[in-house]
Number of protein chains: 2
Amino acid sequence: MKQEGTFLSLGIKKGTAMAEAPECPDCQRINEVLARVGDRWSVLIVISLSRYETLRFNELKRHLGISQRMLSLTLKELERDGLVSRTYHAVIPPKVEYSLTELGKSFREPVKVLGKWALDNLAAIDSARADYDITNELAAKAG
Amino acid sequence: MKQEGTFLSLGIKKGTAMAEAPECPDCQRINEVLARVGDRWSVLIVISLSRYETLRFNELKRHLGISQRMLSLTLKELERDGLVSRTYHAVIPPKVEYSLTELGKSFREPVKVLGKWALDNLAAIDSARADYDITNELAAKAG
DNA sequence: CTGCATCCAGGCGGATACTG
DNA sequence: CAGTATCCGCCTGGATGCAG
């Protein structure tokens, strides 16, 4: 895989708000912030657009393996949030192009950092999981 | 709010796998990777532990406003993934302490970068939303 | 081609009650 | 205190059908 385009996929549940008054006000802020651009498909779309500059609806769809429904919903959200710009060409058949705004482009950097960590540490996590699972299975048998 | 402790909250849906063969193999990787440590509560817990070093079960619970259920589930996952270490003290009443492993600590940096972006651009996103919504409402009235 | 509307399964996540 | 188990609502997200 290419390392130039490193990325990640976050994804906050937009529907679930935090409890009203946790002792960690910062955490509320964090949730609020990333509820905007932190869902699964948003990040993937930004990634794709950052690599291809401009993509049409079905190009994105094929590229990501996303359903029309989620693509449509997510693109609308991204456009609303000012990360993606939508250009409609009144031709037949219709042609709509999506690309990143400046705000959207600025999002690539943090995404890359987090993606790099994720990729770098995937093996460690897998290893830790394997150990944990083995220990657990043994404990289950012994118990 | 404090800017020293900047953070974020990602959150991948663990249950939903991507389509089998999208044209973007990287994206599959990304999903796989962050499905491990990218969910909503995991990040919040890592953030809390990074600031307090060690926290007990109910301390985390109060701090984050998280339910016992999700805290229990998420901590177990984080321990399994090697990000969090659990120390059980056989006293009465029971006492369990959670803290970050080295792997967990390494996760703080990317989290901080993404959190910083989120905080820096929250205003811009809000602004874009407001514009979008106003335009939409006007269009609806005009339509 | 580019969507929107609907239906439906599955998972997230809170509330509650109960155990050690 | 530190969990586990159960119930249940809500949202995500795919599949399908239809419209412009």
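All values derive from a computational prediction rather than experimental measurement. The sequence lines fix the lettering, A, B, ..., with proteins before strands; numbering per chain opens at 1.
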May I ask you to test the [X]-[Y] pair for a side-chain heavy-atom distance under 4.5 Å?
X	Y	result
K116(A)	L119(A)	no
D133(B)	R80(A)	yes
L71(B)	W41(B)	no
R129(B)	E77(A)	yes
Y52(B)	L60(B)	no

When the distance from [atom1] of [X] to [atom2] of [N] is rounded to whole Å, what number comes out?
X	N	atom1	atom2	answer
I66(B)	dG14(C)	CD1	P	7 Å
L60(A)	dG3(C)	CG	C1'	14 Å
R56(A)	dT2(C)	CZ	C1'	9 Å
L44(A)	dG13(D)	CG	C1'	14 Å
D39(B)	dT12(D)	CG	P	15 Å
L55(A)	dG3(C)	CG	P	13 Å
M70(B)	dA15(C)	CE	P	13 Å
R62(B)	dC1(D)	CZ	C1'	10 Å

I'd like a table of donor-acceptor pairs (distance under 3.5 Å, sequence neighbours excluded) in which one partner is a side-chain atom from residues 92-103 of chain B, with atom names and distances.
residue, atom, partner, partner atom, Å
E97(B), OE1, H89(B), NE2, 3.1
S99(B), OG, S85(B), OG, 3.0
T101(B), OG1, G82(B), O, 2.5
T101(B), OG1, L83(B), O, 3.2
T101(B), OG1, L103(B), N, 3.4
T101(B), OG1, G104(B), N, 3.1

For the [atom1] atom of [X] and the [atom2] atom of [Y], what is their distance to the nearest 0.5 Å?
X	Y	atom1	atom2	value
L114(B)	E109(B)	CG	CD	11.5 Å
L55(A)	R51(A)	CG	CZ	10.5 Å
S50(B)	R108(B)	OG	CZ	5.5 Å

Annotated structure of DNA chain D as dot-bracket, pair cut-off 3.5 Å, Watson-Crick or G-U only, | for inter-strand, is ||||||||||||||||||||
Sort me out a list of protein N/O and nucleotides 3-8 of chain D N/O pairs below 3.5 Å, or just none if empty.
residue, atom, partner, partner atom, Å
dG3(D), OP1, R86(B), NH1, 2.2
dG3(D), OP2, Y98(B), OH, 2.4
dT4(D), OP2, S72(B), OG, 2.6

